[in-house]
Structures are given as structure tokens and as C-alpha cells.
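Whatever order the structure lists them in is the order used to number ligands and atoms, beginning at 1. Everything quoted here is computed from the prediction, not taken from an experiment. In this chain, numbering begins with 1 at the start of the sequence shown.
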Amino acid sequence: MQNIVLFGPPGAGKGTQAENIIKKYQLVHLSTGDMLRNEMKNQTELGLKAKTLIDQGLLVPDEVVIGMIKNQINQNLQAKGFIFDGFPRTVAQAEALDKMLAELNLSIHSMVALEVPFNTLKQRLLQRAKELNRTDDTEEIIEKRIQEYNSKTLPVADHYKKQNKFYSIDGVGTVQEVFERIERVLQA
Ligand code: B4P
């Protein structure tokens with residue numbers, strides 16, 4: 001079973017590349033961003049609480065996303081592997097993920113980190129704002145999301161570096177070029 005963490009700042013292309021990876025490797029795609037947007041669309045209690053945080057560029061509490069991921073893993077125990085997209089985003093989430101996988105005799109195989117400069121991230125997200133109308137893709141909120149990433153999410157890379165599971169990928173180029181770089185890591 002190959003379990004992969006797809007890592008990177010907002011707009012790095014995690015969701016975009018996850019689509020390519022699941023098509024090729026038939027892994028189960030677990031995106032906490034998609035799960036939260038689904039809750040928001042259905043106006044559930046969780047979705048309404050998450051929206052107030054997401055619209056300020058803030059992270060949703062650890063226990064909420066950890067619970068969602070645990071649920072999805074347990075519903076997909078027959079999977080060939082999982083691709084974690086946008087999760088873990090804090091060290092506490094990474095520790096919880098390691099623990100829940102260990103209880104199932106599983107582990108993370110690799111963290112694939114997409115590296116993209118700040119200005120490119122901003123351009124991509126402002127472009128996406130025009131296409132998808134996401135309320136968290138305004139200039140002010142993008143900057144807050146990147147600050148949150150730098151303070152709370154970047155340390156997650158060290159967590160996997162210590163385990164020798166960290167692979168840095170240049171995330172600038174066409175979607176296909178970036179995918180080919182990821183494939184080289186996954187096939188190694
Ligand atoms: P996410 O949904 O995870 O979104 P993201 O970081 O904005 O985007 P991603 O990196 O997937 O970018 P994409 O492929 O779409 O999170 C949204 C929010 O939910 C967070 O801010 C947070 O509040 C909350 N949340 C989610 N998970 C959480 C957690 N675990 N804990 C706490 N809170 C959590 O790419 C962006 C754009 O770039 C797209 O328009 C795409 O077409 C374009 N693009 C991609 N690759 C490109 C390329 N190579 N060249 C040009 N454009 C490209």
C-alpha cells in the first residue's frame with residue numbers, strides 16, 4: 001500500500017496534481033479542503049463553523065479535520081493506498097495521522113512537497129478566483145493563508161524530513177511537467 005502526503009502552500013497545485021496521481025495509481029483521494037467545501041455547500045453545522053475560519057484565511061481546528069480523515073480511512077480500508085491532499089497541515093495533525101495509520105499497520109511512504117514562489121501562488125489563486133468564485137481567494141485572504149502556512153504548516157515538512165520521507169518538487173511549469181517530476185519520485 002502506497003500512502004502519499006501531497007504538501008505545499010495554498011495554490012501550489014496539490015488538488016490539481018492529486019487528480020493526476022489518482023488516475024494513474026488508483027489511490028483514494030482524501031482532500032480536507034474538498035471535504036470542508038462539501039460541508040459548507042450543504043450548510044451543515046460543521047460547514048458553517050468552518051466557513052467563518054476559511055473566509056479569514058485561518059485553519060480549521062485540528063480535531064475537526066483529524067476526525068474527518070479518520071472516518072474516511074475507516075470507510076476505505078480496502079484501498080490500494082491513500083493520497084492525503086492538504087492534510088496534515090499542522091504537526092499535531094501529522095502526529096495523529098502517523099498514529100492512526102500505525103494502528104492499522106500502515107504508514108506514510110512519502111511526502112511530495114510542491115515548491116512554488118509566493119508571486120506565482122498569488123497569481124494562480126487570483127486567476128482561480130475568477131474561474132471558481134472561491135470566497136477565500138481574495139488578495140487579502142491569500143496573504144493570510146500564506147502566513148498561516150509559514151507559521152503552522154511548514155514545520156510539518158520537518159516532521160517527515162526526520163523520517164527520511166520528504167521529497168521536494170519544483171511546482172513551476174505546466175501541469176504535465178510537474179506531474180512527470182512527481183512520477184519520478186513515486187516510481188523511485
Ligand atoms: P485546500 O482546498 O487544501 O486548498 P489550496 O491550498 O487553496 O489549494 P491547492 O494547493 O490544492 O491548489 P490547486 O491545485 O487548486 O484548502 C482550503 C482551505 O481549507 C485552507 O485555507 C484551510 O482554511 C482549510 N483546510 C483545508 N485542509 C485543512 C487542514 N488539514 N487543517 C486545517 N484547515 C484546513 O491549484 C490552485 C490553482 O492553480 C488552480 O486554479 C490551478 O488550476 C492552478 N494551477 C495548478 N497547477 C498549476 C500549474 N502547474 N501551472 C499553472 N497553474 C496551475
Query raised in the report: Would you say Glu177's side chain and Gly173's backbone share a donor-acceptor pair under 3.5 angstrom?
Result: no
**Report entry** Lys70 side chain to Met100 backbone, donor-acceptor under 3.5 Å
**Finding:** no
Query - Met68 and ligand 1 - part of the residue with a heavy-atom distance under 4.0 Å - result: neither
Query - Over 12 foreign heavy atoms within 6.0 Å of CD, Gln75 - result: yes
Query raised in the report: Heavy atom of Gln127 under 4.0 Å from ligand 1?
Result: no
Query raised in the report: Counting from 1, what ligand 1 atoms have a heavy atom of Ala12 closer than 4.0 Å?
Result: 10 (O)
Query raised in the report: Where is the nearest protein heavy atom to atom 26 (C) of ligand 1: which residue, which atom, and how far?
Result: Arg89 NH1, 3.3 Å
Report task. For Asp98 and Gln163, test the side chains for any donor-to-acceptor distance below 3.5 angstrom and give the result as yes or no. Result -> yes
Report task. Measure from atom 22 (C) of ligand 1 to every heavy atom in Leu58, Leu36, Asp85 and give the option owning the shortest one. Result -> Leu58
Requested in this report: Considering the heavy atoms of Gln93, write down every atom of ligand 1 situated less than 4.0 Å from one of them.
Outcome: 29 (C), 30 (N), 31 (N), 32 (C)
Report summary line: atom 33 (N) of ligand 1 sits nearest the protein heavy atom Val60 N, 3.1 Å
Query raised in the report: Do Ser151 side-chain atoms and Gln147 backbone N/O form a donor-acceptor pair below 3.5 Å?
Result: yes
Query raised in the report: Of the backbone atoms (N, CA, C, O) and the side-chain heavy atoms from C-beta on, which set of Asp62 has a member under 4.0 Å from an atom of ligand 1: side chain, backbone, both, or neither?
Result: neither
Query raised in the report: Among protein heavy atoms, which lies nearest atom 27 (N) of ligand 1, and at what distance?
Result: Thr32 OG1, 2.8 Å
Report task. Give me the one residue out of Asp137, Asn150, Leu58, Ile54 that meets side-chain contact (heavy atoms from CB on, under 4.5 Å) with Arg145. Result -> Asp137
Query raised in the report: Taking everything shown except Gln43 itself, do over 12 heavy atoms lie less than 6.0 Å from its CD?
Result: no
Query raised in the report: Testing Arg134, Arg128, Gln127 for side-chain hydrogen bond (donor to acceptor under 3.5 Å, both in side chains) with Glu131, which one passes?
Result: Gln127
**Report entry** Protein heavy atom at shortest distance from atom 5 (P) of ligand 1
**Finding:** Arg145 NH2, 3.7 Å
Query raised in the report: Hey, which atoms in ligand 1 end up nearer than 4.0 Å to a heavy atom of Gly15?
Result: 9 (P), 11 (O), 14 (O)
Requested in this report: Only heavy atoms count here, so choose which of Gln17, Arg128, Arg124 is nearest to atom 36 (C) of ligand 1.
Outcome: Arg128
Query raised in the report: Is Arg134 near ligand 1, meaning one of its heavy atoms is under 4.0 Å from it?
Result: yes
Report task. Identify which of Pro61, Gly173, Gly11, Ala92 has a heavy atom lying nearest to atom 8 (O) of ligand 1. Result -> Gly11
Query raised in the report: For Asn74, does the CG atom have more than 12 heavy-atom neighbours from other residues, nucleotides or ligands under 6.0 Å away?
Result: yes
Query raised in the report: Near Phe87, which atoms of ligand 1 are under 4.0 Å from a heavy atom of that residue?
Result: 30 (N)
Query - Nearest protein heavy atom with distance in Å, relative to atom 18 (C) of ligand 1 - result: Asp136 OD2, 4.1 Å
Report summary line: One finds that the ligand 1 atoms under 4.0 Å from a non-hydrogen atom of Arg37 are 2 (O), 17 (C)
Query raised in the report: Using a heavy-atom cut-off of under 4.0 Å, does the side chain or the backbone of Lys14 touch ligand 1, or both, or neither?
Result: both
Query raised in the report: Does ligand 1 have an atom that lies less than 4.0 angstrom from a heavy atom of Gly8?
Result: no
**Report entry** Nearest non-hydrogen protein atom, atom 19 (O) of ligand 1
**Finding:** Ile54 CD1, 3.8 Å
Requested in this report: Pick one of side chain, backbone, both or neither for how Val65 approaches ligand 1, counting any non-hydrogen atom pair under 4.0 Å.
Outcome: side chain
Query raised in the report: Quick one: do Ile69 and Val64 end up in the same hydrophobic cluster if we chain Ile, Leu, Val, Met, Phe, Trp and Tyr together by side-chain heavy atoms under 4.5 Å apart?
Result: yes
Query raised in the report: Which ligand 1 atoms are under 4.0 Å away from a heavy-atom of Pro10?
Result: 6 (O)
Query raised in the report: Do Gln17 side-chain atoms and Val175 backbone N/O form a donor-acceptor pair below 3.5 Å?
Result: yes
Query raised in the report: At under 4.0 Å between heavy atoms, which part of Glu177 makes contact with ligand 1: side chain, backbone, both or neither?
Result: neither
**Report entry** Heavy-atom nearest neighbour in the protein, as seen from atom 45 (C) of ligand 1, with distance rounded to 0.1 Å
**Finding:** Thr16 OG1, 3.3 Å
Query - Axial cation check for Tyr160 ring with Lys165, 6.0 Å and 45° limits - result: no
Report task. Please check if the side chain of Asn42 supplies one atom and the backbone of Asn38 the other of a donor-acceptor pair under 3.5 Å. Result -> yes
Requested in this report: Spell out, as yes or no, whether a donor-acceptor pair under 3.5 Å connects the side chain of Glu148 to the backbone of Leu59.
Outcome: yes
